[in-house]
Amino acid sequence: NGGSASRPTRCHRNGVDMKTALGPILLIEDDDADAILVERALDRSKTEYDLTRAHTLEDAIRLVKQYDFKLVLTDLGLPDCSGVEAVGRLRAVTSDATIIVLSGIEDYKARLRTLDSGAQDFLIKSEVSAFTLQRAIEHGTHRLDSERSVRRLLDEVRTQKTRLEQQAKQLDRQNRRLRKLCKTAQQ
């Protein structure tokens, strides 16, 4: 199932190439056993997927710039970057991918920091199962869609505010001209 950091690989079941339901997935995990855990959970979820694996954040960033991943599953303890910084660096290069953090450490504050840094969900590796991973993917994707909608609405509000401010200035200029005309007409 898993790929290398060089190119995405297609998941096959029963020797038949599957149509991707989740879109391309990038798994950033340096530990082979943890990568197998995630792949098995994906297999058991009966979800069709394309999975590419990167072992380092730098490899992952290179891949994200090259391919259109819809989902990124990342460990927080990578050889070249650890902690919440990894999420921030990933979010900086992809605003369109759902990012789900997988961590071996149960740290509530780290969980909140990763969400604040741009991740959509956080799973403890020991709790990863087909159900929890599928739920995190669905909820994370929904959260990202909601965040995009909120950003679009905020952009629309800002645009409308700018237009209204311009119209208010124009009306103010027209009112001043009318006052001048009224004064001139009254004299």
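Computed from a prediction, not measured in an experiment: that's the story for all the values here. Along the sequence shown, residues carry numbers from 1.
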Please say yes or no: joined through hydrophobic side-chain contacts below 4.5 Å, possibly via intermediate residues, are [X] and [Y] part of one cluster?
X	Y	answer
Val93	Ile28	yes
Val87	Leu144	no
Val64	Val84	no

Got a salt bridge between [X] and [Y], using NZ or NE/NH1/NH2 to carboxylate O under 4.0 Å?
X	Y	value
Asp107	Arg111	no
Arg40	Asp43	no
Asp32	Arg53	yes

Test item: side-chain donor near acceptor, Gln170 and Gln166, under 3.5 Å: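 Result is no, nothing qualifies.
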field: Exercise: do Ser146 and Ser149 side chains pair donor with acceptor under 3.5 Å
entry: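 Their side chains do not contain a donor-acceptor pair, so the 3.5 Å distance test is not met.
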Salt bridge (Lys or Arg N to Asp or Glu O under 4.0 Å) partners of residues 114-127, not counting sequence neighbours, each pair once: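 Non-adjacent pairs meeting salt bridge (Lys or Arg N to Asp or Glu O under 4.0 Å): Glu29-Lys125, Asp34-Lys125, Asp75-Lys125, Asp121-Arg143.
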With Leu73, the side-chain contact (heavy atoms from CB on, under 4.5 Å) member among Val128, Ile100, Ile99: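 Among the candidates, only Ile100 passes.
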- prompt: So which of Leu57, Leu78, Asp59 actually passes side-chain contact (heavy atoms from CB on, under 4.5 Å) with Asp30?
  reply: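 Among the candidates, only Leu78 passes.
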For [X] and [Y], which heavy atoms make the closest approach, and how far apart are they?
X	Y	answer
Leu123	Ala136	CD1-CB, 3.8 Å
Ala97	Leu71	CB-N, 4.4 Å
Ala130	Ser45	CB-N, 3.6 Å
Glu106	Ser126	OE2-OG, 4.4 Å
Thr114	Phe122	OG1-CD1, 3.3 Å
Leu63	Phe69	O-CE1, 3.6 Å

Contact between [X] and [Y] at the side-chain level, heavy atoms closer than 4.5 Å - yes or no?
X	Y	answer
Thr74	Leu26	no
Arg89	Ile61	yes
Leu133	Leu42	yes
Thr159	Glu156	no

Determine yes or no for a side-chain-to-main-chain donor-acceptor pair under 3.5 angstrom, with [X] supplying the side chain and [Y] the backbone.
X	Y	result
Glu39	Leu37	no
Thr141	Glu138	no
Arg148	Asp96	yes
Arg91	Thr94	yes

How long is the gap from [atom1] on [X] to [atom2] on [Y], to the nearest 0.5 Å?
X	Y	atom1	atom2	result
Lys183	Leu181	NZ	CG	12.0 Å
Glu85	Arg113	CD	CZ	12.5 Å
Ile25	Ile137	CD1	CD1	5.5 Å
Leu164	Lys169	CG	NZ	12.5 Å
Asp50	Tyr67	CG	OH	12.0 Å
Ile124	Ser103	CD1	OG	5.5 Å

